[in-house]
Amino acid sequence: MNKKIFNAIWIVAIVVFLASLTFIMGVSYNYFSGVQLKQLRTEAELASQGVSISGLDYLNGLGAKDYRITWIDADGTVLFDNAVNANEMENHLEREEIKEALKDGYGESVRYSNTLSDKQLYSAIRLSDGSVLRLSSVQMAVWALLLGFAQPICLVIGIALVMSFVLASRLTKRILTPINSIDPDDPMQHINEEDYMEIAPLLRRIQYQNEQLKRDQKEIEKAALIRQEFTANVSHELKTPLHAISGYAELLENEMVKDEDMKPFARKIREESTRMTKLVEDIIDLTKLDTGGVEMKWEDCDLYRIAENAVDSLEAPATALGVKVTVCGSEAPVRAIPQLLYSIIYNLCDNGIKYNHSGGKVEVDVQQTSHNTVLKVKDTGIGIPEESRERIFERFYRVDKSRSKAVGGTGLGLSIVKHAVLVHGGRIKVNSEVGKGTEFLVSIPNRPKEIEF
Ligand code: ADP
């Protein structure tokens, strides 16, 4: 990281410097070309005055070294040239600058000489007698110019390299020091300091993610604890009937049971195994709700019909305990998971029967409004004390453990009910008076947002 940032800064500095140098050289070269051409024209104008007055004598006496001077007659014949013998020179009428001068009075052109490395600048003026005086000078090529500047350029490049190196390493340090000193556990400690201004969003993000991680961690720990408690409770709940069954079986095996006690023993074994089966069924239901059972499908169904079915299947235990169960209301078409609705009604009615007195009643009422369907299960049973009303939906919570066990309760019924209601996006409420009875109110939307199982 350190090296990467340093190299990036250094390379950028050098590239910018070289690009600027090239640009400046190019611009200066163009500027100087212009200046040189202008100067050549001034010189040509001055010389033309001299030639107009003194003719060849002026030219012969001039002795110019930096310029080449050529005097051409109106028909193109070279009258004078200070560099080449005029007699040997070809006709100059076709030269661009001469043509222009003959036509407009002044002409100029730029041509590469034979070597191509140098540029030849020409400036030609028509004299009053129709002849043309031409001055020319050599302009150096860019690279030749550069070569001339080689020493100072190398010096400047050298200085730039050293400066870029020093600046790049300082800048790298300035960028990285604050980043390296961030404490991931406490990223906000430098937030108000000048050096950290630019990375403040990064610090805030780290802080936010830290908090989120902590929250997630807490949730994971809580879920793990709940799972642990649940597993411990399940093992405990299963152990009791298993112990009882194996105890009875041992007595039977050792022929320690009198013939007349055989039947009650067998009944006890059956009761315990029924309790175990119920417990396992409830655990399966809860696990399905937790993980999403494959066979759970949203369907159009009638809550009232489901209530009738659930109550029908509870007829035997209700009769055995002397409790009367009734269903009223009207048809209530809903989009729901029928198994879960059945489970809600079955468990609520089952409790209404179990925690009731002989001769008591359980009333199921189904009412539908335009958006919601309300299910009411009201009993005339023992009621639930105020302090337990919140907790009855917890897994394995029972108000009176021995009573629950005596009536075959598992402590899971209401947690299944609550879970199933939540899956349908509904709410559950309980009203109760100890000694008088309990009323459960479940409200679900007719067309809930379907949760994928
Ligand atoms: P259980 O299998 O023990 O009935 P539930 O989860 O269905 O477990 O209910 C939890 C506890 O809430 C029960 O043990 C009981 O003490 C109390 N309870 C539930 N429904 C009623 C009710 N209708 N009347 C009185 N107590 C109830």
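Along the sequence shown, residues are numbered consecutively beginning with 1. Order of appearance sets the numbers: ligands from 1, and atoms from 1 within every ligand.
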Arg275/Glu272 salt bridge by N-O under 4.0 Å criterion
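Judged by the 4.0 Å cut-off on N to carboxylate O distance, Glu272 and Arg275 do form a salt bridge.
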
Nearest neighbour in protein (non-hydrogen) for [atom]:
atom	result
atom 5 (P) of ligand 1	Leu414 N, 3.5 Å
atom 16 (O) of ligand 1	Val399 N, 3.0 Å
atom 26 (N) of ligand 1	Ile384 CG1, 3.3 Å
atom 8 (O) of ligand 1	Gly411 CA, 3.2 Å
atom 11 (C) of ligand 1	Tyr397 O, 3.6 Å
atom 12 (O) of ligand 1	Ile392 CG2, 3.2 Å
atom 19 (C) of ligand 1	Asn351 ND2, 3.4 Å
atom 21 (C) of ligand 1	Tyr355 CD1, 3.6 Å

State whether the shortest distance between N or O atoms of [X] and N or O atoms of ligand 1 falls below 3.5 angstrom.
X	result
Phe440	no
Ile382	no
Ser415	no

Considering Lys418, Arg398, Arg389, which one's heavy-atom position lies nearest to atom 14 (O) of ligand 1?
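Answer by nearest heavy atom: Arg398.
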
Would you indicate which of Gly409, Gly352, Ser432, Ser404 comes nearest to atom 3 (O) of ligand 1 when only heavy atoms are counted?
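Selected option, by shortest heavy-atom distance: Ser404.
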
Do you know which of Arg204, Gln209, Glu211 makes side-chain hydrogen bond (donor to acceptor under 3.5 Å, both in side chains) with Gln207?
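Single side-chain hydrogen bond (donor to acceptor under 3.5 Å, both in side chains) partner of Gln207 among Arg204, Gln209, Glu211: Glu211.
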
Among Glu97, Lys99, Arg134, which residue satisfies the side-chain hydrogen bond (donor to acceptor under 3.5 Å, both in side chains) criterion with Ser109?
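It is Glu97; the other options fail the test.
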
Under a 4.0 angstrom heavy-atom cut-off, which atoms of ligand 1 come close to Thr438?
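Those qualifying, in numeric order: 24 (N).
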
Identify the two heavy atoms, one from [X] and one from [Y], that lie closest to each other, and give their separation to 0.1 Å.
X	Y	result
Ile269	Ala249	CD1-N, 4.4 Å
Ala336	Leu341	CB-CD1, 3.5 Å
Ala44	Leu135	N-CD2, 3.6 Å

From Arg267 CZ over to Glu271 CD, what is the distance, rounded to the nearest 0.5 angstrom?
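Rounded to the nearest 0.5 Å, the CZ-CD separation comes to 5.5 Å.
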
Spacing of CD belonging to Glu237 relative to OG1 belonging to Thr410, to within rounding of 0.5 Å
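These two atoms lie 8.0 Å from each other.
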
Do we get Arg111 above Tyr122's six-membered ring, with its NZ or CZ under 6.0 Å from the centre and within 45° of the axis?
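Yes, Arg111 lies over the aromatic ring of Tyr122.
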
side-chain contact (heavy atoms from CB on, under 4.5 Å) evaluation trace for Tyr355 with Val399
CA-CA 11 Å; Tyr355 304 107; Val399 178; over 6 Å; no

What do you reckon, does [X] put a non-hydrogen atom under 4.0 Å from ligand 1?
X	result
Gly381	no
Lys354	yes
Asn347	no

Please state which part of Asp379 comes within less than 4.0 Å of ligand 1, counting heavy atoms only: side chain, backbone, both or neither.
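Contact part for Asp379 vs ligand 1: side chain (C-beta onward).
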
Distance-only donor-acceptor check, side chains Gln368 and Thr373, under 3.5 Å:
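Their side chains do contain a donor-acceptor pair, which is all the 3.5 Å distance test asks for.
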
